[in-house]
Asks: 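Right, I'll just put the structure down here and ask away after.
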Amino acid sequence: MTEALRLGIAGLGTVGGGVLDILARHKQLIAARAGRPIELCAVSARSRGKDRGHDLSGLTWHDDPVRLANDPSVDVFVELIGGEAGPAKAAVEAALRAGKPVVTANKALLAHHGAALARLAEGKGVALNFEAAVAGGIPVVKTIREGLVGNRLGKVFGILNGTCNYILTKMAEEGRSFADVLKEAQSLGYAEADPTFDVGGFDTAHKLAVLTALAFGVEVNLGAIDIEGIEKITLDDIRNASDMGYKIKLLGVAVSGPQGIEQRVHPTLVPKGSPVAETDGVFNAVVVKGDFVGDLMLEGRGAGAHPTASAVLSDVIDIARGSRRPVFGVPAHDLRPYEAAPPRAHEGGFYVALSLLDKPGAVAAIARSLADEHISIESIVQRGTSGTDAPRATAPFILITHNTVERNMRAALERIEADGHVASRPRMIRIERL
Ligand code: NDP
Ligand code: HSE
């Protein structure tokens with residue numbers, strides 16, 4: 001019988017627990033597919049005494065994940081702690097330096113240090129696998145790195161955060177508050193340890209930075225991403241968008257064009273009925289545009305213990321089979337420097353919500369500001385005062401534009417605000433007409 005591959009797992013929380021479940025339930029299946037048994041031999045977590053629903057008695061316990069990484073009985077180090085620095089980074093570096101393959105689900109670490117870690121892994125001739133880091137259970141890393149290797153990719157975008165998609169879906173379908181649904185997403189194990197990373201768009205940005213490097217063969221560049229989260233999306237926005245034929249999704253978008261690369265993360269109106277719009281709940285969707293394959297969309301569970309653990313196991317089995325690829329699809333030393341496209345040059349439609357002061361000439365002034373910036377309006381909804389109450393000082397005024405350049409849209413909104421016909425800052429949400 002071929003010798004077993006021995007795993008050391010650091011982090012026994014949501015994802016680590018899921019990996020233990022699959023290893024226990026699919027022991028034979030995994031051994032058959034890997035061509036050798038895969039055995040857990042050592043673990044690390046913060047609290048040794050915590051009941052994790054698994055018998056850990058035969059395993060070596062390390063309080064310090066770096067010691068686990070250096071444990072000579074460990075063949076493959078699996079990092080499921082999280083965080084861009086601290087013990088996760090130290091332990092991954094220690095394992096790679098010791099010449100051990102690493103599997104990680106840690107997109108924050110890769111977005112901040114991906115290129116350096118890739119150089120370290122490739123310099124040592126070992127794998128650094130991270131299928132679980134992007135879009136949970138969806139095999140998007142392998143699809144781009146292996147399945148689409150014969151294509152030049154021009155665009156990759158999608159719903160990359162399960163927590164945000166769950167929140168936006170429940171708000172739309174059940175009219176529940178943002179805070180209420182966020183709590184539920186946390187209890188289901190979808191959210192990051194600090195959920196600001198989810199709702200603030202940072203987790204999507206981490207994943208997008210990794211996808212961009214893979215898709216376009218460039219250095220990971222998190223700092224180049226324009227990031228906007230979903231914290232300011234209201235039930236009114238969701239209802240208004242719905243009335244106008246759209247759903248709101250948090251998208252990560254990366255485009256490679258002649259002027260450079262554009263990466264952005266923001267809430268987005270997408271047409272109802274489009275595949276991305278119909279991706280609801282904890283599901284993620286990733287769309288890739290290749291020059292020969294055309295458009296391709298992958299959809300699946302983007303967070304949660306078992307879908308994410310499924311991706312971790314696929315990386316482990318690749319290592320057991322002796323398969324190793326360049327970490328970002330091309331050797332790390334050949335990743336091209338990142339060239340950014342000019343800012344705010346993206347062209348698309350926009351949803352604009354204004355709180356209009358009810359006085360003569362307001363609508364005409366707004367139309368003038370838009371026309372001066374060459375912006376044409378696709379539709380307008382003005383919600384008037386209702387009932388017998390005294391007239392309110394303001395009225396919600398919603399408009400949707402035809403395609404326009406973002407720079408012009410922002411300039412028009414600044415003029416509208418300065419004109420004195422609105423009671424608060426205009427709010428704008430981009431539209432992707434997929
Ligand atoms: P959890 O918070 O559920 O688990 C983190 C684990 O790390 C816990 O077991 C914790 O120990 C352990 N830990 C924390 N600090 C230390 C330390 N200093 N030394 C040793 N162990 C430590 O996180 P998740 O399982 O949700 O996430 C893990 C990783 O997977 C993160 O990078 C996350 O971004 C990523 N990920 C998560 C997904 C999800 O759906 N949850 C999906 C895709 C990726 P203890 O249990 O004792 O507190
Ligand atoms: N917090 C992340 C999400 C976990 O909600 O998508 C999966 O990466």
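First listed ligand is number 1; within each ligand, the first listed atom is number 1. This is a predicted model, so every value here is computed, not measured.
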Asks: More than 12 heavy atoms of other residues, nucleotides or ligands under 6.0 Å from OH of Y338: yes or no?
Replies: yes
Asks: Among all protein non-hydrogen atoms, which one is nearest to atom 8 (O) of ligand 2, and what is the separation to 0.1 Å?
Replies: K107 NZ, 2.5 Å
Asks: I need the single residue from K272, K247, K249 that forms a salt bridge (charged side-chain N to carboxylate O under 4.0 Å, His left out) with E278. Which is it?
Replies: K247
Asks: Is D203 paired with K207 through a side-chain N to carboxylate O contact shorter than 4.0 Å?
Replies: yes
Asks: As an exercise, identify every atom of ligand 2 less than 4.0 angstrom from a heavy atom of D203.
Replies: 2 (C), 6 (O)
Asks: With heavy-atom distances below 4.0 Å as the criterion, list the atoms of ligand 2 near E192.
Replies: 1 (N), 2 (C), 4 (C)
Asks: Relative to ligand 2, is A191 under 4.0 angstrom through side chain, backbone, both or neither, heavy atoms considered?
Replies: backbone
Asks: Using a cut-off of 6.0 Å, state whether more than 12 heavy atoms not belonging to E174 lie near its atom CD.
Replies: yes
Asks: Does atom CZ of R433 have more than 12 heavy-atom neighbours, drawn from other residues, nucleotides or ligands, at distances under 6.0 Å?
Replies: yes
Asks: Which pairs, with at least one residue in residues 290-313 and sequence neighbours excluded, count as a salt bridge (charged side-chain N to carboxylate O under 4.0 Å, His left out)?
Replies: K289-D295
Asks: With a 4.0 Å cut-off on N to O distance, would you call K170 and D180 a salt bridge?
Replies: no
Asks: Is the ring pair F328/F130 parallel, tilted or perpendicular, if the boundaries are 30 and 60 degrees?
Replies: tilted
Asks: Quick one: does G302 get within less than 4.0 Å of ligand 2, heavy atoms only?
Replies: yes
Asks: So which heavy atom in the protein is nearest atom 5 (O) of ligand 2, and how far is it from that ligand atom?
Replies: T163 OG1, 2.6 Å
Asks: Can you tell me if R152 has over 12 outside heavy atoms packed within less than 6.0 Å of its CZ?
Replies: no
Asks: Heavy-atom contacts under 4.0 Å between D198 and ligand 2: side chain, backbone, both, or neither?
Replies: side chain
Asks: Measure T308 to ligand 2 on non-hydrogen atoms and call it side chain, backbone, both or neither using the 4.0 Å cut-off.
Replies: neither
Asks: Show me, by chain and number, every protein residue that has a heavy-atom distance under 4.0 Å to ligand 1.
Replies: G11, L12, G13, T14, V15, S44, A45, R46, S47, K50, R52, P65, L80, I81, G82, P87, A105, N106, K107, A132, G189, E192, A303, G304, T308
Asks: Is there a donor in the side chain of D21 and an acceptor in the side chain of H54, or the other way round, less than 3.5 Å apart?
Replies: yes
Asks: Provide, to 0.1 Å, the distance between atom 6 (O) of ligand 2 and the closest protein heavy atom, together with that atom's residue and name.
Replies: G162 N, 2.7 Å
